[in-house]
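Read through the structure below, which is laid out as structure tokens, and then see the notes.
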Amino acid sequence: MLAVVFTLLLLGACEKVNRLAQAPTIYVEKGSYPESEVPEYLRTVSPDILFVTDRRAVTTREGKMNFSHERSPAMAFGRIEVNLAPGWSWSDLLQEQSANRNRMPAIVTGDAETLVQFSPTPLPFELKNGVARPLPSALAPYQEQKRAFQRRVSAELKRANRRDVVIFIHGFNNGFDDGVTTLANIWHSTGRIGVPIVYSWPADSSGLFGYFTDRESGEFSIFHLKEFLRALSSVTELERIHLIAHSRGTDVATSALRELVIAERAAGRDPRRSLKLDTLILAAPDLDFGVVCQRLIAEQFGPAFGQIIVYMNSKDGALGLSQTLMAGLRFGRISSENLGESERVIFKRIQNVNFIEVEQVRGQSGHAYFRENPAVLSDIALALRTGALPGSSERPLTRIDGNFWQLRKDYPLQVQ
């Protein structure tokens with residue numbers, strides 16, 4: 001068992017890719033990046049990425065402000081500059097988006113700047129008639145902190161090309177910078193639509209049992225993620241939320257979203273409208289398949305979103321090891337062949353959930369394909385930019401069976 005855990009840690013470490021991703025196939029095909037749709041202030045090699053985190057703030061040995069794997073009871077909202085290609089100009093970057101180089105430059109992050117420091121939770125409270133209520137003296141500053149966060153997001157949305165927010169939630173063994181650089185790659189690949197925000201939970205624990213420590217930290221972070229999404233969805237200017245989660249981050253994301261959806265329905269509201277949830281992307285989800293069926297599908301989780309996209313690789317080595325440890329089929333490794341007849345009937349009835357089997361992925365464990373594979377990045381970009389479903393002219397995926405699709409290595413060039 002210890003050997004398996006150690007191997008899992010090594011594979012997780014190998015999956016950290018802090019380089020500019022290769023150009024998505026769609027831009028190589030067209031020979032150009034959609035520069036005309038990018039606002040003038042975003043035509044830079046060093047854009048700002050916003051973040052919300054409940055990691056503990058630290059100063060690195062180099063004197064850089066950053067966040068560790070340790071937990072903080074208080075959320076921080078801020079910004080960080082991300083240099084996608086040091087030494088390149090904006091025109092150099094555009095030129096590379098119509099090329100097909102294998103080796104891309106390393107991404108460099110600057111100091112993390114906290115714009116709003118939230119109060120620690122839980123807020124001090126008192127019991128009245130069996131009901132716990134936050135003390136007014138604690139609640140008032142917390143509400144003002146939320147308003148300050150909303151004002152900044154509102155200002156960013158007003159000058160963006162779309163009133164959308166693209167959120168990324170990283171997985172196990174990812175440090176703060178890993179999540180930031182991954183979102184920078186994905187957001188740049190979409191044509192820089194809307195406002196990018198990383199939600200960074202306290203992962204990247206060291207030691208032999210870091211995977212299990214990270215799992216517990218994910219549970220710790222669920223309350224803060226719900227607070228962030230509630231505050232975000234209340235921003236008047238916001239029209240759509242696109243949420244991308246990877247690996248163990250899919251458990252953090254779906255747990256928080258499930259609780260929010262239940263609460264909205266209990267209050268008589270339609271979560272699709274009140275929470276402004278448009279696209280949910282689960283990339284290589286490290287979730288138990290049986291739990292997904294019972295807690296998400298049986299509870300009608302899907303209708304709360306415009307569409308849900310699940311990227312899968314049946315040969316995902318990291319999820320294979322997770323499957324050995326947790327003794328349950330991982331959602332990110334299933335294929336249409338894994339389903340029994342009753343499960344096939346259930347999945348065919350879910351109209352807005354689609355399962356994308358990724359062909360010929362790269363990497364030692366095939367776990368990081370969503371952020372470095374040009375075909376996958378193309379499909380993410382097309383889904384977020386157009387809102388199209390698989391099989392449409394905008395997203396010409398190859399149908400396998402029902403709502404299972406194959407994404408070929410040269411997608412969307414090859415259509416069958």
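Using a 4.0 Å cut-off between charged nitrogen and carboxylate oxygen, Arg163 and Glu239 do not count as a salt-bridge pair. Remark: Glu37 does not engage Arg162 in a salt bridge, criterion side-chain N to carboxylate O under 4.0 Å. The residues Arg265 and Asp270 are annotated as not salt-bridged, no charged nitrogen and carboxylate oxygen being separated by less than 4.0 angstrom. Under the 4.0 Å criterion applied to side-chain N and carboxylate O atoms, Glu156 and Arg152 are assigned as salt-bridge partners.
Shown here is Arg133, whose CZ atom has no more than 12 heavy atoms of other residues, nucleotides or ligands within 6.0 Å. Counted within 6.0 Å of CZ on Arg147, heavy atoms from surrounding residues, nucleotides or ligands total more than 12; the atom is thus considered enclosed.
No close placement of the Tyr311 and Tyr369 rings is indicated, their centers lying 6.0 Å or farther apart.
In this structure the side chain of Val28 never reaches within 4.5 angstrom of the side chain of Pro374, judged on heavy atoms. Residues Pro202 and Ser221 have side chains in contact (heavy-atom distance under 4.5 Å, counting atoms from C-beta outward). Looking at Ile380 and Ile186, their side chains come closer than 4.5 Å, going by heavy atoms from C-beta outward. By the 4.5 Å heavy-atom criterion applied to side chains, Asp379 and Trp405 are not counted as neighbours. Residues Leu277 and Leu243 form no side-chain contact, since every pair of their non-hydrogen atoms from C-beta on lies 4.5 Å or further apart.
The two residues Ile167 and Ile241 come nearest to each other via the heavy atoms CD1-CG2, 3.8 Å.
Residues passing the side chain to side chain contact (heavy atoms under 4.5 Å, CB included) test with Ala283 are His246, Phe370, sequence neighbours excluded. Listed by chain and number, the residues in a side-chain hydrogen bond (donor to acceptor under 3.5 Å, both in side chains) with Asn66 are Asp177 (sequence neighbours excluded). Checked against salt bridge (charged side-chain N to carboxylate O under 4.0 Å, His left out), Arg269 has the following partners two or more places apart in sequence or in another chain: Glu264. Among residues two or more places apart in sequence or in another chain, the side-chain hydrogen bond (donor to acceptor under 3.5 Å, both in side chains) test is passed with Ser137 by none. In this structure Glu394 satisfies the side-chain hydrogen bond (donor to acceptor under 3.5 Å, both in side chains) test together with Ser392, sequence neighbours excluded. The salt bridge (charged side-chain N to carboxylate O under 4.0 Å, His left out) check on Glu216 picks up nothing, with sequence neighbours excluded.
In this structure, the side chain of Lys276 engages the main chain of Ser233 through a donor-acceptor pair within 3.5 Å. The closest donor-acceptor contact from the side chain of Ser378 to the backbone of Thr25 lies under 3.5 Å.
By the 30° and 60° cut-offs, the orientation of the rings of Phe77 relative to Phe149 is perpendicular. The aromatic rings of His188 and Tyr33 sit parallel, their planes meeting at an angle under 30°, below the 60° perpendicular limit.
For the side chain to side chain contact (heavy atoms under 4.5 Å, CB included) test with Trp201, the passing option among Asp214, Thr53, Asn174, Ile222 is Asp214; the others fail. For the salt bridge (Lys or Arg N to Asp or Glu O under 4.0 Å) criterion with Asp278, the lone passing option out of Arg272, Arg385, Arg240 is Arg272.
Because its NZ or CZ atom is both nearer than 6.0 Å to the ring centre of Tyr41 and within 45° of the ring axis, Arg159 counts as a cation-pi partner of that residue. Geometrically, Arg71 engages Phe220 in a cation-pi contact, judged by NZ or CZ lying under 6.0 Å from the ring centre and within 45° of the ring axis.
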